[in-house]
Amino acid sequence: MSQSFDVAVIGAGPGGYVAAIRCAQLDLNTVCIDEWKNPQGKASLGGTCLNVGCIPSKALLESSENYERAAHKFSAHGIKIEGLSVDVSIMMSRKDKIVAGFTGGVAMLLKKNKVISMHGRGTLLKCGKYSDSNAFWQIEVRNGDKVDTVEAKHIIIATGSAPRRLPFAPVDNERILDNTGALALTEAPKRLGVVGGGVIGLEMGSMWRRLGSAVTILEALPGFLTAADEQVAKEARKILTRETGLIIQTGIKINGIKTGENITVEYIDDQGAAQKLEVDKLIVAVGRIPNTTGLGAENVGLKMDDSGYIEVDNGCRTNLPNVYAVGDVVRGPMLAHKASEEGVAVAESIAGQAGHVNLDTIPWVIYTSPEIAWVGKTEQELKTSGIPYKAGQFPFMANGRARALGETGGFVKVLADASTDRILGIHMIGPYVSEMIAEAVVAMEFAASSEDIARIVHAHPSLSEVLHEAALGVAKRALHI
Ligand code: FAD
Ligand code: NAI
């Protein structure tokens with residue numbers, strides 16, 4: 001006999017498990033179904049983010065930055081280290097421990113909140129009726145030969161995304177790697193190629209570069225980091241090239257990849273010349289696609305758009321009654337915090353509350369060194385939309401805390417409406433801007449003006465003073481430049 005629930009969540013990534021916890025907090029009887037297995041073949045909750053995404057990448061980025069500091073930056077503080085060496089396998093086990101701690105932690109959180117956790121693939125089977133006014137959805141949960149069915153009045157689909165594949169670059173995670181393989185190498189390859197100069201390419205490329213690889217990034221678009229503010233992207237390219245040591249080639253077209261003793265990438269460069277790149281390992285990071293494999297969308301008539309995303313409205317409602325979808329599998333940025341907030345909003349809508357996510361104030365962070373972060377519109381978007389704006393900018397070079405840290409590259413830029421002064425976008429490149437961006441998000445959520453930030457007291461000496469000065473700069477009254 002099927003078990004019955006108020007809500008069945010399919011997927012236990014940051015969209016799904018957070019939705020399930022919030023449902024349970026709102027007294028909804030909830031099951032969370034997830035099929036992820038770790039390399040040991042055991043169920044591992046947390047989805048892409050915890051297993052092969054946000055968490056392991058940030059753990060390794062931190063390790064690689066510590067190595068870089070010890071090797072190249074400590075000497076300026078008078079700290080001398082002789083015989084410095086790096087053991088990548090220890091870094092990997094530290095990363096694995098962090099991942100295991102968090103994935104196990106999600107299992108505990110679900111249990112604590114009395115969410116039933118089921119391991120296996122969830123497939124939508126059909127819509128049934130308890131009575132004329134009381135319908136339910138039936139889901140098959142398959143784990144190998146073990147098959148269960150569950151029924152639920154509401155469904156939240158949070159099946160996430162998977163790496164986009166290139167037909168000429170077959171990923172084996174031995175030599176040609178996606179994010180999973182790139183986060184599991186046991187030593188730094190001598191020569192590392194990266195196809196795709198997006199977020200993963202830059203984060204993974206920087207990390208392996210710091211650990212000793214010669215890294216070449218091949219990006220198809222003529223521009224660099226086109227989602228970011230152009231000025232930030234320009235500064236990032238300069239620093240990542242000169243200081244991190246990445247070789248970044250934009251405007252290339254790959255013709256083919258040959259694997260023999262080396263991996264040879266044959267491509268046409270931005271001048272139209274044929275080139276060959278020989279590497280030992282190749283990361284392919286050319287975006288991600290929504291994951292609806294095995295979901296049974298066709299069984300129930302769940303509507304997708306032309307790119308394979310599940311179609312949803314502003315409230316994450318699909319075309320089917322009481323069926324919602326959140327996170328990477330729907331429109332909007334593919335970010336963990338966006339997925340989680342959508343999960344919370346949907347749970348609250350199901351419970352009769354007013355769940356809502358403002359997609360215009362989702363912060364982006366790229367964990368390169370220096371970090372890049374932004375919220376709201378870029379300068380080029382404002383120009384294209386013909387919105388008159390004022391800009392204020394301030395460099396980390398002129399900030400006391402940044403100098404003390406020895407991290408003086410980058411700046412903060414505040415963009416505000418020319419007539420109302422309401423903040424339209426804030427863009428940062430510099431140390432710890434992943435933390436500083438929160439102030440910008442709060443400001444935008446509260447419809448702050450640049451003058452509001454300019455009038456708020458910021459601690460001294462702190463990196464946040466750079467945002468303060470950039471806000472003062474909108475009215476041409478920055479104090480320290
Ligand atoms: P996912 O995390 O992908 O989870 C989906 C879950 O559903 C998976 O466990 C999957 O196994 C399961 N599933 C799928 N289909 C079924 C089915 N039919 N039945 C049962 N289970 C199913 N984002 C950030 O915000 N910050 C970062 O720093 C960051 N770093 C990243 C680094 C890398 C290398 C990568 C690849 C991504 C990173 N992201 C980051 C993006 C982030 O991981 C995703 O946006 C986030 O995981 C999306 O959450 P989700 O819940 O929608 O999907
Ligand atoms: P991406 O969309 O950020 O970048 C992919 C890049 O590959 C683009 O610049 C694209 O032009 C390029 N490309 C596409 N086809 C190509 C080809 N044939 N040859 C060369 N270049 C090609 O995608 P990425 O880096 O795979 O990351 C996926 C997503 O995961 C991100 O968009 C983001 O949503 C999420 N993520 C978030 C992180 C964070 O928040 N810090 C970290 C890592 C991933």
Side-chain angles (χ1 to χ4, degrees), residues 9-19 32-37 43-58 60-61 103 106 118-124 139-143 157-164 166-169 178-180 182-183 194-205 217-227 249-254 265 267 283-297 325-330 332-340 342-343 362-368 371-373 434:
V9 182
I10 308 180
Y17 85 76
V18 170
C32 186
I33 303 158
D34 189 86
E35 65 175 346
W36 196 287
K37 281 186 169 61
S44 185
L45 302 176
T48 304
C49 173
L50 268 59
N51 287 286
V52 292
C54 327
I55 297 301
S57 62
K58 268 78 248 181
L60 292 173
L61 278 158
T103 54
V106 171
M118 290 179 82
H119 180 65
R121 170 167 289 187
T123 303
L124 293 162
I139 305 168
E140 174 190 272
V141 184
R142 181 180 287 272
N143 177 17
I157 301 168
T159 47
S161 64
R164 191 164 78 80
L166 293 175
F168 49 80
D178 60 17
N179 54 298
T180 301
L183 291 165
V194 183
V195 182
V199 194
I200 295 181
L202 294 178
E203 288 188 359
M204 293 297 91
I217 295 182
L218 300 175
E219 164 59 43
L221 290 178
F224 176 69
L225 217 49
T226 48
Q249 302 210 15
T250 49
I252 62 93
K253 183 177 182 310
I254 297 178
V265 185
Y267 66 98
I283 297 175
V284 180
V286 291
R288 294 178 64 83
I289 53 165
N291 176 25
T292 50
T293 319
L295 179 64
V326 301
D328 281 11
V329 79
V330 303
M334 286 185 164
L335 296 172
H337 40 285
K338 177 261 190 186
S340 297
E342 284 181 337
I362 306 279
W364 269 91
V365 177
I366 306 179
Y367 294 82
T368 43
E371 294 177 343
I372 298 163
S434 55

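Counting starts at 1 for both ligands and their atoms, following the listed order.
In Val365, the part holding a heavy atom less than 4.0 Å from any atom of ligand 2 is the backbone.
Taking all heavy atoms of Leu61, Val329, Asp328 into account, the minimum distance to atom 52 (O) of ligand 1 is reached by Asp328. Looking at Gly53, Ala336, Cys49 and measuring to atom 43 (O) of ligand 1, the nearest heavy atom belongs to Cys49.
With respect to atom 6 (C) of ligand 1, the closest heavy atom belonging to the protein is Asp34 OD1, 3.4 Å. Regarding atom 40 (C) of ligand 1, its nearest protein heavy-atom neighbour is Cys54 SG, 3.2 Å. In terms of protein heavy-atom proximity, atom 15 (N) of ligand 2 is nearest to Arg164 NH2, 3.0 Å.
The distance criterion of under 3.5 Å between nitrogen or oxygen atoms is not met by Arg288 with respect to ligand 2. For ligand 1, the polar-atom distance check against Gly15 finds a nitrogen or oxygen pair separated by under 3.5 Å.
Within the listing of ligand 2, atoms 20 (C), 21 (N) sit less than 4.0 angstrom from a heavy atom of Leu218.
Proximity of Lys253 to ligand 2 is not established, as no heavy-atom distance is less than 4.0 Å.
Taking the ring-ring contact (aromatic ring centres under 6.0 Å, His included) definition, one finds that Trp364 meets it with Trp374, sequence neighbours left out. Partners of Lys253 under the side-chain hydrogen bond (donor to acceptor under 3.5 Å, both in side chains) rule, at least two apart in sequence or in another chain, do not exist in this structure.
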